[in-house]
Amino acid sequence: ALTGRIDLRFCAIDTAGNAQETARSAAAHGLHGLVVVTSNYHMPRALLHLHSVLPPTVALQPLAVTPDMLDQPGWYRR
């Protein structure tokens with residue numbers, strides 16, 4: 001079961017703030033690995049921020065998802 005293994009927070013207002021909040025939470029819980037779930041186009045930015053604030057002992061496993069709107073041709077023009 002994943003109960004107690006998922007931590008959702010809504011305090012940050014941007015990607016850098018999300019990374020800082022994640023680093024605090026990881027340290028508080030003594031975590032050595034995290035699964036990072038975000039959209040495929042946002043993953044590189046999220047990982048960049050996370051690597052900048054997490055110690056190198058915390059392994060990151062990216063799990064990128066594709067939002068439905070990106071499966072439509074020309075989504076970027078809307």
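Between the CG atom in L34 and the CG atom in L63 there is a gap of 13.0 Å [rounded to 0.5 Å]. If you take CD on Q20 and OG on S52, they are separated by 8.0 Å, rounding to the nearest 0.5 Å. Atoms CE and CG, from M43 and L50 in turn, are 9.0 Å apart once rounded to the nearest 0.5 Å.
Heavy atoms only, all atoms of each residue included: V53 and A19 are closest at CG2-O, 3.4 Å. When all heavy atoms are compared, the tightest approach of G17 to A12 is C-CB, 3.3 Å.
Side-chain contact between H51 and L60 is present, with at least one heavy-atom pair separated by less than 4.5 Å. When side chains are defined from C-beta on, S39 does not count as touching T66, because their heavy atoms never get closer than 4.5 Å. Put simply, the side chain of V58 does not reach to within 4.5 Å of the side chain of L31, judged on heavy atoms.
The side chain to side chain donor-acceptor pair (under 3.5 Å) test applied to H42 returns T15, T38, not counting sequence neighbours. Partners of R45 under the salt bridge (charged side-chain N to carboxylate O under 4.0 Å, His left out) rule, at least two apart in sequence or in another chain, do not exist in this structure.
In this structure, the side chain of T22 engages the main chain of N18 through a donor-acceptor pair within 3.5 Å.
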